[in-house]
Amino acid sequence: MTPKDDRRIKVGVLGCGPIAQAAHFESAAKARNAELHAICDVAEDLLERMAWTHKPAKTYTSYDAMLADPALDAVIVATSDAFHVPASIAALEAGKHVLCEKPVGVSVGEVEALKRVVVKSGRHFQIGHMKRFDAGLQSAKNFIANEMGELLALKAWYCDSTHRYAMTDAVQPLMVRSAKAKRPTGDPKADLESYYMLAHGSHLLDTARYFGGEIVEVDARLRQRFGAWCWFVDVAFANGAFGHLDLTVAVRMDWHEGFQIYGENGSIIGKTYNPWYYKSSEVDIFHESTGATTRILGADGHFYRRQLEGFAEIVLNGAPMTGADIDDGVACMRAMAAVALSVRSGKAVRLADVSADT
Ligand SMILES: NC(=O)c1ccc[n+]([C@@H]2O[C@H](COP(=O)([O-])OP(=O)(O)OC[C@H]3O[C@@H](n4cnc5c(N)ncnc54)[C@H](O)[C@@H]3O)[C@@H](O)[C@H]2O)c1
């Protein structure tokens, strides 16, 4: 394991649920420039189990009490989606930096309200779009920035698999759950169109924006068959490039996620693995100048730890933000709302026309 740096941020994780157990506790323990200072959950049984395993310096059943801890530098918000915005606002107003799980929120209006608090607080705010810390995606991003020239078109797909739990159960730790866990009112899965878009579509739209830049308009269709949901979305990027996005939950095959990018001086084909394999994407970059393809191999695939290290670099040393910031969060939220509006109206929808109460 990489030795710890002398200067580290003290992190508190809000929520001891599956994402904290599978990603954030270990990331904080392994990150060279962060440490797991505190964990918080209203469910005492879960808190106790996780404290025993991960040995934070402090445990809290009250979020307010954790935020009042002067030693705490930053909070990882690892709760269900509906609590992301209120929990982030509370942390920012308590003077803490925030790394918040995706999707940043559940409506355009609340995410815009969060943006106002981020700006006012002067604290750092990053969204847990950890794919931006996948070394394969980063190699594509570098090529786009430095060599590719103009973008002609981008296709990206995110297709969950009917076999995902058979695969992920084999590699994830056994999840500990509690009947005392705090849940949002109402069942988020009661509206699957919204739930799938927030849970999975947010990743797809963030990846599309990471590579293609601002999205100005979407034209989306949604078809449901045999319990599967399939969105095909035509995307107009601000730079004039075409985009096509495919979100399917779930395909009757292996996890299927990736992208294809056509540029002036080369093209990219990427295959992304289910995150729980901690394997960086296989990204083939064809360079028009040499007629050769390059692919990075053997990269460190712990994108959850890498995103925390990137976040800590910003807090400690003022490094530039390479993750998704609050503006990315607002844009992603608008894009998801625009897709829903387009599906309903059968027409293309401009993101600028999405109202804050969507
Ligand atoms: N980036 C990824 O790859 C990825 C993967 C899976 C899940 N996620 C995201 O992670 C988030 C959390 O997912 P989960 O399945 O772990 O959620 P969960 O609801 O099962 O667990 C959240 C925990 O937070 C606790 N909690 C919530 N509000 C609290 C409060 N105010 N005070 C104290 N405790 C509180 C709950 O008691 C619960 O134990 C979701 O938004 C999901 O979209 C991201």
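Just follow the structure's listing: the first ligand is 1, and inside any ligand the first atom is 1. Below, each value reflects all heavy atoms present in this structure, side chains not excepted, and no hydrogens, waters or symmetry copies.
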May I ask you to say whether [X] pairs ionically with [Y], meaning some side-chain N is under 4.0 Å from a carboxylate O?
X      : Y      : value
Lys58  : Asp69  : yes
Glu26  : Arg305 : no
Arg334 : Glu112 : yes
Lys30  : Glu309 : no

Is there a nitrogen or oxygen of [X] sitting under 3.5 Å from a nitrogen or oxygen of ligand 1?
X      : answer
Thr61  : no
Lys180 : no
Trp276 : no
Val42  : yes

Enumerated ligand 1 atoms positioned under 4.0 Å from heavy atoms of [X]:
X      : value
Met130 : 1 (N), 3 (O)
Ala181 : 37 (O), 38 (C), 39 (O)
Ala78  : 12 (C), 22 (C)
Gly15  : 23 (C), 24 (O), 25 (C)

Problem set entry | Arg252 atom CZ, neighbour heavy-atom count above 12 within 6.0 Å | yes
Is the shortest heavy-atom distance from the side chain of [X] to the side chain of [Y] under 4.5 Å?
X      : Y      : answer
Met130 : His203 : yes
Val42  : Tyr63  : no
Met333 : Leu198 : yes
Asp41  : Met50  : no
Leu137 : Thr272 : yes
Ile9   : His97  : no

Applying a strict 4.0 Å limit to heavy atoms, is [X] in contact with ligand 1?
X      : result
Gly128 : yes
Pro275 : no
Pro18  : yes
Arg177 : no
Tyr60  : no
Leu198 : no
Gln21  : no

Could you find the nearest protein heavy atom to [atom] and give me its residue, atom name and distance?
atom                    : result
atom 31 (N) of ligand 1 : Lys182 CE, 3.6 Å
atom 18 (P) of ligand 1 : Arg183 NH1, 3.7 Å
atom 2 (C) of ligand 1  : Tyr304 OH, 3.5 Å
atom 43 (O) of ligand 1 : Lys102 O, 3.0 Å
atom 32 (N) of ligand 1 : Leu14 CD1, 3.6 Å
atom 38 (C) of ligand 1 : Asp41 OD2, 3.4 Å
atom 21 (O) of ligand 1 : Gly17 CA, 3.5 Å
atom 44 (C) of ligand 1 : Glu101 OE1, 3.1 Å

Nearest candidate to [atom], where distance is taken over non-hydrogen atoms, out of [options]:
atom                    : options                      : result
atom 5 (C) of ligand 1  : Ile19, Ile39, Val106, Val77  : Ile19
atom 17 (O) of ligand 1 : Gly105, Ala199, Ala82, Ser80 : Ser80
atom 12 (C) of ligand 1 : Leu46, Thr79, Leu47          : Thr79
atom 41 (O) of ligand 1 : Asn274, Val13, Ile127, Asp81 : Asp81

Exercise. Side-chain donor-acceptor pair under 3.5 Å between Asp64 and Ser62, yes or no?
Worked result: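 Distance-only check fails for Asp64 and Ser62.
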For this session: Please determine, by modelled atom types, if Arg132 and Gln126 share a side-chain donor-acceptor pair under 3.5 angstrom.
Result: no
For this session: Report yes or no: is the cationic atom of Lys131 (NZ for Lys, CZ for Arg) under 6.0 Å from the centre of the six-membered ring of Tyr210, at an angle within 45° of the ring normal?
Result: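 Checked: cation-pi criterion not met.
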For this session: Give the C-alpha distance, both sets of side-chain angles, the deciding distance and a yes or no for side chain to side chain contact (heavy atoms under 4.5 Å, CB included) between Trp255 and Asp160.
Result: CA-CA 5 Å; Trp255 183 270; Asp160 196 353; 3.1 Å; yes
Seminar exercise, completed: With His37 as partner, the option from Asp73, Val11, Leu72 fulfilling side chain to side chain contact (heavy atoms under 4.5 Å, CB included) is Leu72
